[in-house]
Amino acid sequence: SSINPSVSSTIPVISNVVQKYEGRVNEQTFLKEVAFFGPRNKYVVTGSDCGNVFIWDKISAKLVQLQKADADIVNGIAPHPTQPMLAICGIDYTGKIFDCKSTKSYTPSERIPASSMANEVVTRIEAQECLDIAHKLKFQGNANFQAKRVQDANSDYKKAIKTLAFYAPTKAIGEKQLKLKLFLILNSAACCLYHKNYDEVIRLCTFVIEKDKNSAKAYYRRAKAYLERKYFEKAQQDICSALSILPFDTEIKALQNEIELAIITTNKRTI
């Protein structure tokens with residue numbers, strides 16, 4: 001449409017496009033918001049008909065993150081004025097807040113977050129670097145565990161988990177990230193089992209099971225913790241789940257026998 005001559009003669013028209021950010025879909029709805037985001041407004045964010053939030057590098061216009069945020073369409077997006085958080089809404093029945101805070105304040109002595117939400121936006125190259133560092137820490141932790149330096153091993157595993165605290169820029173990297181993270185959490189659970197921190201073992205293994213229903217190791221270690229806490233029914237349920245995944249595993253069968261013996265002994269005492 002043309003501009004009213006009386007307006008165009010007095011108001012300057014902005015026509016110099018400094019940068020373009022491509023990739024989102026905008027056909028089904030309109031008025032999708034776009035905003036600057038991150039420290040020093042480093043990124044540009046907006047929604048899409050595909051239900052994703054698109055995050056581009058402001059300078060290069062490179063897409064650095066694609067995050068699923070709505071079941072259908074993301075229309076509204078608003079960065080928090082002082083905190084690294086995004087408020088997002090679409091056409092489903094929910095509004096969501098995504099926490100994008102930095103993990104620099106994390107220390108190895110802290111508990112492993114039970115949340116699966118990552119919190120740093122990274123490029124593919126940066127994500128691969130994080131994966132490589134996490135793998136090295138995993139091997140270092142394994143060596144410490146085998147040498148009975150269990151506290152050092154657990155510290156290595158937690159550092160590795162901290163390193164994996166990022167939004168995966170691609171599906172393939174996300175799959176590698178999750179697989180390695182679950183492996184590290186299970187190793188941390190083994191350290192907690194060694195130190196008889198059974199409640200933490202239960203918490204960590206529960207997190208893994210929620211992400212991977214076929215993790216026999218998670219069921220096995222949680223069953224051991226339940227047994228030590230004398231939660232025999234839960235221990236029995238977990239060991240049965242582990243056996244359904246690995247029916248011929250001798251360690252799992254041995255723990256099943258131990259649980260059954262504990263149940264029999266307890267029942268005799270109550271008679």
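Owing to the predicted nature of the structure, the values given are computational and were not obtained by experimental measurement.
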Exercise. Do you know the tightest heavy-atom contact between Ala189 and Cys205?
Worked result: CB-SG, 3.9 Å

Exercise. Got a second to check how far Ser60's OG is from Tyr21's OH, nearest 0.5 Å?
Worked result: 8.5 Å

Problem set entry | Over 12 foreign heavy atoms within 6.0 Å of NZ, Lys136 | no

Exercise. Are side-chain heavy atoms of Leu164 and Leu180 found at a separation under 4.5 Å?
Worked result: yes

Exercise. If every non-hydrogen atom of Tyr43 is compared with every non-hydrogen atom of Asp57, which pair is closest and at what distance?
Worked result: CD2-CA, 4.1 Å

Seminar exercise, completed: Nearest heavy-atom approach of Ala223 to Leu255 is CB-CD2, 4.0 Å

Exercise. Quick one: does Trp56's side chain have a donor or acceptor within less than 3.5 Å of a partner on Glu22's backbone?
Worked result: yes

Problem set entry | Verdict with supporting geometry, Glu33 and Asn75, side chain to side chain contact (heavy atoms under 4.5 Å, CB included) | CA-CA 6 Å; Glu33 294 175 322; Asn75 282 330; over 6 Å; no

Exercise. In terms of hydrophobic clustering (I, L, V, M, F, W, Y; side-chain heavy atoms under 4.5 Å; direct or indirect links), are Leu193 and Ile252 co-clustered?
Worked result: no

For this session: Not counting sequence neighbours, list each pair that qualifies as a side-chain hydrogen bond (donor to acceptor under 3.5 Å, both in side chains) and has a residue in residues 138-149.
Result: Gln140-Asp156, Asn142-Tyr157, Asn142-Asn187, Asn144-Arg149, Asn144-Asp156

For this session: Using the rule that two of Ile, Leu, Val, Met, Phe, Trp, Tyr join whenever any of their side-chain heavy atoms come within less than 4.5 Å, decide whether Ile239 and Tyr231 are in one cluster.
Result: no

Exercise. Transitively linked via ILVMFWY side-chain contacts under 4.5 Å: Ile161 with Phe183?
Worked result: no

Problem set entry | Given Ile202, Leu204, Leu186, the one that forms side chain to side chain contact (heavy atoms under 4.5 Å, CB included) with Arg221 | Leu186

Problem set entry | Reported CG-to-CZ distance for the pair Leu227 and Phe232, which is rounded to 0.5 angstrom | 6.0 Å

For this session: Calculate, to the nearest 0.5 Å, the distance between atoms SG and CZ belonging to Cys130 and Phe166 respectively.
Result: 5.5 Å

For this session: Write down the atom of Ile59, the atom of Gln19, and the distance for their closest heavy-atom approach.
Result: O-NE2, 2.9 Å

For this session: On the 0 to 90° scale, with breaks at 30° and 60°, tag the Phe145-Tyr194 ring pair as parallel, tilted or perpendicular.
Result: perpendicular

Exercise. Got a second to check how far Ile77's CD1 is from Phe37's CZ, nearest 0.5 Å?
Worked result: 8.0 Å

Problem set entry | Leu137 with Leu184, same ILVMFWY side-chain cluster at under 4.5 Å | no

For this session: Assess the side chains of Asp152 and Ser155: does a donor N or O sit below 3.5 Å from an acceptor N or O?
Result: no

For this session: Go through the steps for Thr46 and Val53 under the test side chain to side chain contact (heavy atoms under 4.5 Å, CB included), then give the verdict.
Result: CA-CA 6 Å; Thr46 190; Val53 170; over 6 Å; no

Exercise. Is the CD atom of Gln151 crowded by more than 12 outside heavy atoms at less than 6.0 Å?
Worked result: no

Exercise. Considering all heavy atoms of both residues, which atom of Cys192 and which atom of Glu200 are nearest to each other, and what is their separation?
Worked result: SG-CG, 3.6 Å

Exercise. With side chains defined as the heavy atoms from C-beta onward, is the minimum distance between Ile133 and Lys159 less than 4.5 Å?
Worked result: no

Exercise. For the residue pair Gln177 and Leu131, what are the closest heavy atoms and their distance?
Worked result: CA-CD2, 3.9 Å

Exercise. Is the cationic atom of Lys217 (NZ for Lys, CZ for Arg) positioned less than 6.0 Å from the six-membered ring centroid of Tyr220 and within 45 degrees of its normal?
Worked result: no

For this session: Verify side chain to side chain contact (heavy atoms under 4.5 Å, CB included) between Phe54 and Val45, making sure each step is shown before the conclusion.
Result: CA-CA 6 Å; Phe54 284 69; Val45 296; over 6 Å; no

Problem set entry | Rounded distance [0.5 Å steps], CD in Glu228 versus CG in Asp199 | 12.0 Å

For this session: Using side chain to side chain contact (heavy atoms under 4.5 Å, CB included) as the criterion, point out the one residue from Leu261, Thr265, Thr266, Ile259 that pairs with Ile263.
Result: Ile259

For this session: Please lay out, stage by stage, how Ile97 and Ile88 fare under the test side chain to side chain contact (heavy atoms under 4.5 Å, CB included).
Result: CA-CA 6 Å; Ile97 294 179; Ile88 294 168; over 6 Å; no

For this session: Answer yes or no: is there a side-chain heavy-atom contact under 4.5 Å between Val201 and Lys224?
Result: no

Problem set entry | Joint cluster assignment, Leu182 & Ile245, ILVMFWY side-chain distance < 4.5 Å | no

Exercise. Please, which pairs that meet side-chain hydrogen bond (donor to acceptor under 3.5 Å, both in side chains) have at least one residue in residues 236-245, sequence neighbours excluded?
Worked result: Arg222-Asp238

For this session: Look only at the side chain of Lys96 and the backbone of Cys89, and say whether a donor-acceptor pair between them is shorter than 3.5 Å.
Result: no

For this session: I would like to know whether Asp212 and Lys179 meet salt bridge (Lys or Arg N to Asp or Glu O under 4.0 Å); could you show each step before the answer?
Result: CA-CA 9 Å; Asp212 181 8; Lys179 182 178 179 180; over 6 Å; no

